[in-house]
Amino acid sequence: MKNVFNNKILKRVGVYPGSFDPITYGHQDIIKRASYIVDHLVVAVAKNADKSQLFTLEDRVNMVRRDIEIIDIDSNAKVEVNSFDTLLMHYVEICDASVIIRGLRAVSDFEYEFQMAGMNVKMNPKVETLFLMASEQCQFISSRFVKEICNLGGDVSSFVSKFVQNELNKAFMKKTL
Ligand code: ADP
């Protein structure tokens with residue numbers, strides 16, 4: 001299957017999977033940088049039934065789509081946002097992708113990412129996992145802490161977009177009603 005965008009044949013498709021519960025400036029930074037590496041980036045929001053999420057799948061996809069509009073992505077790249085509810089490697093094959101993009105923060109991310117990349121390459125050796133080191137200003141940003149801070153009334157404007165801040169406030173208001 002050939003990937004065509006604006007009548008141009010796209011060569012390299014990358015999938016950036018994650019929970020994005022919610023998308024942060026750290027995720028935004030990875031999306032922006034990945035857009036300069038691949039021709040077509042699929043930001044793939046995982047349903048992750050086993051993880052308890054604050055936001056529904058639909059809301060998480062919507063927040064990523066809204067944030068994409070304010071990211072300075074490579075104008076030559078196509079970036080799309082989808083959701084998936086299957087094994088990641090199956091989804092990667094459906095997308096005809098050759099690269100999985102992941103972000104790496106401190107040492108704590110390493111063990112999990114190392115194992116996941118190892119299992120995935122066993123399932124399909126043609127697909128590489130590419131790790132982008134978190135930018136200095138994003139090293140400490142995590143969706144989990146953003147939720148905790150917001151829930152306790154803290155200011156999360158340095159970590160997430162205005163749109164996501166509003167969604168967080170609404171979600172926590174709903175929870176306390
Ligand atoms: P998952 O549940 O798959 O870990 P996340 O949404 O938490 O989903 O993260 C998706 C990817 O983005 C992971 O590779 C994670 O390490 C990376 N990531 C999350 N936050 C940051 C950040 N602040 N800087 C760089 N990468 C990040």
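Remember, predicted model here, so these are calculated numbers, not experimental data. As the structure lists them, so they are numbered: ligands from 1, and atoms in each ligand from 1.
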Does the pair D21/R144 count as a salt bridge with the N-to-O cut at 4.0 Å? no
Could I get the full list of side chain to side chain contact (heavy atoms under 4.5 Å, CB included) partners for A34, not counting sequence neighbours? L41, I101, L132
Numbered in order shown, the ligand 1 atoms found under 4.0 Å of a heavy atom of R102 are 1 (P), 3 (O), 4 (O), 10 (C), 11 (C), 13 (C), 14 (O)
Check ligand 1 against I30 and write out every atom of the ligand that is under 4.0 Å from a heavy-atom position of the residue. 25 (C), 26 (N)
Quick one about N82 and E80 (side-chain donor to acceptor, distance below 3.5 Å, no hydrogens or angles considered), yes or no? yes
Contact check, S143 vs ligand 1, heavy-atom distance below 4.0 Å: no
Heavy-atom gap E113 to ligand 1 smaller than 4.0 Å: yes
Please compare F20, Y16, F159, Y112 and report which has the shortest non-hydrogen distance to atom 6 (O) of ligand 1. F20
Nitrogen or oxygen atoms of G103 and ligand 1 under 3.5 Å apart: yes
Any side-chain heavy atom of Q28 sitting closer than 4.5 Å to one from S161? yes
So, is S142 polar-close to ligand 1, with some N/O to N/O distance under 3.5 Å? no
Heavy-atom distance to atom 18 (N) of ligand 1: which of Q28, H27, R33 wins? H27
Are P17 and ligand 1 in contact, using a heavy-atom cut-off of under 4.0 Å? yes
Answer yes or no: is there a side-chain heavy-atom contact under 4.5 Å between S143 and F20? no
Please verify the inter-ring angle class for Y91 with F84; under 30° counts as parallel, over 60° as perpendicular, anything in between as tilted. parallel
I141 N/O to ligand 1 N/O under 3.5 Å: yes
Aromatic F131 / basic R102 pairing, under 6.0 angstrom, 45° off normal: no
Looking just at side-chain N and O atoms, do R33 and S135 make a donor-acceptor pair shorter than 3.5 Å? yes
Could you check atom 1 (P) of ligand 1 against the protein and tell me its nearest heavy-atom contact, residue, atom and distance included? S19 OG, 3.6 Å
Which ILVMFWY residues are connected to Y112, directly or by a chain of links, through side-chain heavy atoms under 4.5 Å apart? M116
Write out the residue and atom name of the closest protein heavy atom to atom 25 (C) of ligand 1, then the distance separating them to 0.1 Å. A134 CB, 3.5 Å
Short N/O distance, under 3.5 Å, between R105 and ligand 1? yes
